[in-house]
There are 2 protein chains.
Amino acid sequence: MPYITTHEPNGETLYNIAAVERDTGLSKDTLRVWERRYGFPQPLRDNNDERLYPQDQLDKLRRIRHLMDHGQRPSKLIHLNAEELAQLMTRGAEYREPPAAVAEILRLLLAHDIEGFRGALLQQLMKQGLQRFVCDTVAHLNFWIGDAWLHGKLAIFDEHLYSEHLQNILRNAILEQPGRGGAPRFLLTTVPGEKHRIGLLMVEAMLCIEGAACVALGNETPIPDIRDGALALRADVVALSFSAAIPTQTALAGLQELRAVLPKEIAIWAGGGALGRCRKAPEGVTMLRSLEEIPSALANARDTNRALQAA
Amino acid sequence: MPYITTHEPNGETLYNIAAVERDTGLSKDTLRVWERRYGFPQPLRDNNDERLYPQDQLDKLRRIRHLMDHGQRPSKLIHLNAEELAQLMTRGAEYREPPAAVAEILRLLLAHDIEGFRGALLQQLMKQGLQRFVCDTVAHLNFWIGDAWLHGKLAIFDEHLYSEHLQNILRNAILEQPGRGGAPRFLLTTVPGEKHRIGLLMVEAMLCIEGAACVALGNETPIPDIRDGALALRADVVALSFSAAIPTQTALAGLQELRAVLPKEIAIWAGGGALGRCRKAPEGVTMLRSLEEIPSALANARDTNRALQAA
DNA sequence: GAGGTCATTTTGTCCTGGTCAGAACTCTAA
DNA sequence: TTAGAGTTCTGACCAGGACAAAATGACCTC
């Protein structure tokens, strides 16, 4: 995988198709098909007739991808310019303005005041408690960071910084929960292709604080391995998180596939942006439409469990 | 990305080419070229003439990939059977037998005794101290877990479990270090394509315990963003980890690319399996051949830094 | 207005069968 | 033992076609 970026004498940076695939998440096939169908992107060619994408085309592709992750379709986006793309994002968003605390945390991140940023996150966690922190602050942060990036106010490394620190904070909070032994036992993971870890950590936090026993398998566990893991670890519930970056249909396919191989005594819980757009859950899958539902869903599961035990 | 696995009436599981790419890390192009050139893999076809790989071919491909990650070449591997492949791995390895403590930790992992496993890791950390723990225990565990997987003794979800718990332990250990403000300041990350997080955490642990100021950017930061981050965070050293899973040449290309965009005052440190096979570092890159070298390299850097300050 | 069905359009993945550059290896000479 | 030259190996990329599945929209029913 020789990701090549050449630096032209005029200072322009050019990316080959592999680099563009890596940076946008659009497959090489898709890039070639768009060029054929829509006339965009329109890369230069090197001596060997291979595609070389200029920086601005890469940037536009990343914006398009970001909007597609939020449900837009490529043909509607491909001929818009950067500004039009940025506007599309904020319009129709469920969030209008970040709350003051979130705005302050964002400000510290953008100023690269790492200590202050970390401190503000921790302070907010202490103030709100883990569940409100996760449902309010983190959810807003996720949205506004995406938005800031789209408007060019925030670099990729800022996102990495955010993700890394938030992970540390959430993991730490989770570790500090006793995690009593009682049923139901949860296995948390994502299907292959789903790289976002934060969503899963948010769910784990919501569960742990209620005293649920959780085992996290990390990201991208192949379906047969989720089954093997659930059996080996005697899980009662497998919880999966699907970010908006993964197509709804892929998420549903993964759920059905898992349901087919998992014994019916083991429940499946699923949630996340990818499922927000779809009506009803596949047979045998509990769909969680928001993090707030988790505590009551857990209470239900415990009741059911007790009823089963009694019977 | 419709990763399809069909379950045939006879109970056999079949994977399409996208699923095989995802599970093996071999590109679709490579899979097709191998079929054309070597006659393996030799997938079935569906109604639409698309490839369907049976389970055993997928397993063999994963073993081949694992050995290629350790420097073997495909043509030497492609016609061997599972047993011959497994033998190749242990032969010529630098490790002959896991130390007792490592064997015990492995045993607990394989028995899915999560509490015991976590406890044993923590105990070993306390006993050895962070640096010996990272250099000895973790390094051995990484090797033997790969080996156990190759011999079919260990499932993917066991690896995920291991990775998740080790991450928690290392992140926690790192957070507990004060991380004094003094120079040199380190920025830690990996280049795109390098997904392994453990290696980076091991480096961070080695540095933090010596009181170095570290900022971790997580994995797969695009090169221009590494530069932006290093400047914004005023790093003195950018440290990169390259696992054996990434081709040596890709690693070197990444290093050269970064060196080209980074001001020469900022040092680059690089290490990991991918660089073990190559003679000398690119100009302007400090190559760390093992984790043990880190403390002395840090001491050197501090001396240099003091000398510069004095001048 | 919610929900269902069907045709149409959109979209991305897969296919074949090439070409080619650069890495890895082998051989030879110093 | 090293250095250089020649050879083989390897995987990335290309074009352009086919096709299935998802999304959309039109129309109908409850």
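Within every chain, numbering begins at 1; the chains are lettered A, B, ... in the order of the sequence lines, protein sequences first and strands thereafter. Treat the numbers as computed from the prediction; the structure is a model and nothing was measured.
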side-chain N/O B:Lys28 vs C:dT13 OP1/OP2, d < 4.0 Å: no
Whole-Å distance separating the CD atom of B:Gln72 from the P atom of D:dC9: 17 Å
Value in whole Å for how far the C1' atom of C:dG12 lies from CD1 of B:Ile17: 15 Å
Carboxylate-amine/guanidinium proximity below 4.0 Å for B:Lys60 and B:Asp56: no
Residue pair A:Leu240 / A:Thr190, side-chain heavy-atom distance below 4.5 Å: no
Along DNA chain D (nearest heavy atom to each residue), the more 5'-positioned of A:Lys76 and A:Glu21: A:Glu21
Residue B:Met68, side-chain atoms from C-beta onward, closest of C:dG12, D:dC13, D:dG11: D:dG11
From C:dG12, D:dG11, C:dT11, nucleotide with atom closest to A:Trp34 side chain: C:dG12
Closest to side chain of B:Val33, choosing from C:dC14, D:dG11, C:dG12: D:dG11
Pairwise side-chain contact, A:His196 with A:Ser241, heavy-atom cut-off 4.5 Å (strictly under): no
B:Arg36, nearest nucleotide to its side chain (from C:dG17, C:dT13, D:dA12): C:dG17
Nearest-angstrom distance from the residue atom CD of B:Glu35 to P of C:dT16: 7 Å
Residue-phosphate contact under 4.0 Å: A:Arg32 side-chain N/O, D:dC14 OP1/OP2: yes
Listed nucleotide nearest any side-chain atom of B:Arg51, set C:dC15, D:dC14, D:dT10: C:dC15
Integer-rounded Å distance: C:dT11 C1' and A:Leu67 CG: 17 Å
A:Tyr38 vs C:dT11: side-chain N/O to OP1/OP2 distance below 4.0 Å: yes
Candidate nucleotides C:dC15, D:dC9, C:dT11, ranked by approach to the side chain of B:Arg45 - the nearest: C:dC15
Pairwise 5' ranking along DNA chain C for B:Glu50 and A:Ser75, keeping only the more 5' one: A:Ser75
Protein-nucleotide distance (B:Asp49, atom CG; D:dA20, atom P), rounded to Å: 12 Å
Any residue meeting ring pair (Phe, Tyr, Trp, His ring centres under 6.0 Å) with B:His66, in chain and number order, not counting sequence neighbours: B:His70, B:Trp149
Whole angstrom value for the distance that separates C1' of C:dC15 from CG of B:Asp46: 11 Å
Spacing of A:Asp69 atom CG relative to C:dT11 atom P, expressed in whole Å: 15 Å
Closest to the B:Arg37 side chain, choosing from C:dC14, D:dC13, D:dT10: D:dT10
Contact under 4.0 Å: A:Asn16 side-chain N or O vs D:dC13 OP1/OP2: yes
Criterion side chain to side chain contact (heavy atoms under 4.5 Å, CB included) on B:Arg51 and B:Val20, from CA distance to verdict: CA-CA 10 Å; B:Arg51 292 169 173 80; B:Val20 175; over 6 Å; no
Among D:dA15, D:dC19, C:dT10, the one nearest A:Arg73 by side-chain distance: C:dT10
B:Asn48, nearest nucleotide to its side chain (from D:dC13, D:dA20, C:dC15): D:dA20
Euclidean distance, atom CG of residue A:Asn47 to atom C1' of D:dC14 [Å, nearest integer]: 15 Å
Sugar-phosphate, base or nothing in reach of A:Asp29, heavy atoms under 4.0 Å: base
Side-chain N,O (A:Thr30) to OP1/OP2 (C:dT11) below 4.0 Å: no
